[in-house]
Amino acid sequence: MSVQRVALVCFHTCPNTLVGKGKAGGMNIYVRQLAHHLGAMGIQVDIFTRCHAGQEADTVEADDNVRIVHLYGGPDSAPMDDLVSYLPQFADAMLAYKESEGIEYQVVHSHYWLSGWVGRKVSSQWDVAHAVTFHTLAEIKKQARSGEREHRMRAKVEGDLMASAQLIMALSGQEKQSMARLYDAPEDRISIVPCGVDLSLFRPLDMGEARRKLGLNGERLILYVGRIEPLKGLDLLCRAAAMLEPDEPFKVLIVGGDPDSEEEVSEVRNLGQGLGIADSLQFMGRIDQDALPFYYSAADVCVVPSYYESFSLVALEAMACGTPVVGFRVGGLPTVVQHGQTGYLHSWRCPEPFADSLEVLLGSTGLKKSMGDAGRKRAESMGWDRVAADVLGLYETTMATCGAL
Ligand code: UDP
């Protein structure tokens with residue numbers, strides 16, 4: 001039997017939520033793109049997520065062959081730590097939904113540990129394969145940055161999922177290794193499937209035109225794109241920016257977060273003030289993906305100063321737009337950025353070498369162009385259609401290996 005219908009579980013955040021602030025980021029994009037491309041291949045996809053502000057318990061046709069099924073999973077305002085208590089209720093609602101629709105799923109694919117708890121329960125009731133993509137893992141985050149606090153059940157649930165899921169998808173070889181090392185995960189059930197990029201949206205645009213469109217002038221431009229949280233390492237970005245040659249004007253554009261309400265944004269602003277670079281930092285708030293190619297193309301360099309990234313869609317999007325990336329050799333970043341060819345990745349978390357790399361790129365149009373061209377070339381083999389085809393192949397293989405469970 002081949003895969004005809006798949007249930008994607010994306011419990012805590014609707015894939016259609018505006019990304020770039022709060023908890024909505026790469027995972028939302030991943031689920032949206034995977035569903036879109038599976039749907040385009042004729043697979044029926046139901047994405048199960050919580051109701052949220054402005055969205056009652058209801059099923060929405062999201063794309064060809066793709067529905068988003070909103071079920072009650074606690075009040076919209078519930079803090080992340082409280083969501084665990086709504087998991088059983090949500091799983092029961094999923095079971096009831098399938099009964100009422102009279103349909104069969106061949107695979108349940110869960111995203112993040114909360115969804116994994118739900119996916120494990122429903123897949124065992126339905127006797128079908130359970131696939132899990134964690135996106136981030138508690139033990140890796142704790143190792144990457146002291147100060148990361150996680151729900152007390154998270155690491156245990158992640159370990160249980162690795163022991164029970166028929167298919168575990170890692171976003172990089174590094175993530176696979178960490179799963180085996182930190183969770184004793186069975187390596188034969190872990191497959192590496194890197195993320196993708198929308199190559200028709202993220203493409204190189206003329207830098208001058210992009211800058212004009214954004215109302216920017218000719219100064220040196222460093223771009224950060226992403227949610228604003230401590231793990232993203234904007235502290236180091238500020239410290240590195242404060243070391244740049246002061247006689248050459250520069251701007252650090254910070255895209256993402258909510259400058260009006262997020263405490264994390266205020267902390268970065270305050271740090272910038274303390275370091276004397278407040279005038280060089282420009283907080284843009286979250287920007288729709290459709291407009292991001294202008295930002296990537298306007299920038300001389302895109303920075304990913306994170307303590308940890310399981311993949312970094314932002315790095316790949318920047319490369320697809322022909323912009324070099326500077327970051328650290330952490331998590332999945334070396335899978336995306338080729339050090340010395342499409343950007344620079346540093347092994348030590350110090351602002352000086354990071355600032356040196358920025359100076360090198362800001363000071364050489366030729367280097368920026370050759371690294372940018374190499375980045376686009378590399379990105380061209382990483383479209384989401386390839387990701388979806390690989391994932392579908394893994395669903396099929398897992399079903400064949402496990403038999404009809
Ligand atoms: N993003 C966006 N608008 C913003 C900031 C970020 O659309 O204002 C998107 C960005 O294009 C990328 C995703 O959010 O696709 C972030 O994914 P990434 O893997 O870099 O980080 P994560 O959120 O998974 O930590």
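Side-chain atoms are counted along with the backbone in the values below, which use heavy atoms only and exclude waters and symmetry mates. Counting starts at 1 for both ligands and their atoms, in listed order.
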Task: Residue-ligand contact Lys232/ligand 1, heavy atom below 4.0 Å - done: yes

- [ ] Answer yes or no: does an N/O atom from Gln289 fall short of 3.5 Å to an N/O atom of ligand 1?
- [x] yes

- [ ] Using atom types as modelled and distance alone, determine if a side-chain donor or acceptor of Arg67 lies under 3.5 Å from a backbone N or O of Thr59.
- [x] no

Open item on the list: Under 4.0 Å, heavy-atom basis, I'd like to know which part of Thr136 is in contact with ligand 1: side chain, backbone, both or neither.
Closed with: neither

TODO: Around atom 3 (N) of ligand 1, find the nearest protein heavy atom and jot down its residue, atom name and distance.
DONE: Ile287 O, 2.7 Å

Open item on the list: I'd like to know if the side chain of Ser178 pairs up with that of Glu175 as donor and acceptor (distance under 3.5 Å, no hydrogens or angles considered).
Closed with: no

Task: Any N or O of Arg227 closer than 3.5 Å to N or O of ligand 1 - done: yes

Task: Distance filter under 4.0 Å to Val225 heavy atoms, resulting ligand 1 atoms - done: 5 (C), 6 (C)

Task: Protein heavy-atom partner closest to atom 16 (C) of ligand 1 - residue, atom, separation in Å - done: Gly26 N, 3.6 Å

- [ ] Measure the distance from atom 5 (C) of ligand 1 to every protein heavy atom, then report the residue, atom name and distance (to 0.1 Å) of the closest one.
- [x] Gly20 CA, 3.4 Å

Task: Test applied, side chain to side chain contact (heavy atoms under 4.5 Å, CB included); reference residue, Arg32; option that passes from Ile47, Thr17, Val19 - done: Val19

TODO: Using a strict cut-off of 4.0 Å, indicate which atoms of ligand 1 neighbour a heavy atom of Val255.
DONE: 8 (O)

Task: Atoms of ligand 1 close to Ile29 [distance to a heavy atom under 4.0 angstrom, numbered from 1] - done: 15 (O)

TODO: Determine whether the side chain, the backbone, both or neither of Leu292 has a heavy atom under 4.0 Å from any heavy atom of ligand 1.
DONE: side chain

Open item on the list: Applying ring pair (Phe, Tyr, Trp, His ring centres under 6.0 Å) to Trp113 and His135, what does each step give before you reach the verdict?
Closed with: CA-CA 9 Å; Trp113 72 281; His135 296 274; over 10 Å; no

Open item on the list: Show me which atoms of ligand 1 lie under 4.0 Å from any heavy atom of Arg286.
Closed with: 8 (O)

- [ ] Specify the protein heavy atom at minimum distance from atom 12 (C) of ligand 1: its residue, its atom name, and the distance to 0.1 Å.
- [x] Glu317 OE2, 3.4 Å

- [ ] Answer yes when Lys251 and Glu219 have at least one side-chain N-carboxylate O distance shorter than 4.0 Å, and no when they do not.
- [x] yes

Open item on the list: Angle between ring planes, Tyr30 versus His111, binned at 30° and 60°: parallel, tilted or perpendicular?
Closed with: tilted

- [ ] Give the numbers and elements of all ligand 1 atoms closer than 4.0 Å to a heavy atom of Gly256.
- [x] 8 (O)

Open item on the list: Considering Leu201, Val19, Val314 one by one, which has a heavy atom nearer to atom 1 (N) of ligand 1 than any of the others?
Closed with: Val19

Open item on the list: Taking salt bridge (charged side-chain N to carboxylate O under 4.0 Å, His left out) as the criterion, tell me which of Arg211, Lys368, Arg220, Lys369 meets it with Asp300.
Closed with: Arg211

TODO: Give the residue and atom name of whichever protein heavy atom lies nearest to atom 19 (O) of ligand 1, and the separation in Å to one decimal.
DONE: Leu313 N, 2.9 Å

Task: Distance in Å, Phe354 CZ paired with Leu237 CG, rounded so as to fall on 0.5 Å steps - done: 6.0 Å

Open item on the list: Quick check on the 6.0 Å ring-centre criterion: do Phe48 and Tyr97 meet it?
Closed with: yes

Task: Option from Leu34, Leu167, Val9 for which side chain to side chain contact (heavy atoms under 4.5 Å, CB included) with His109 holds - done: Leu34

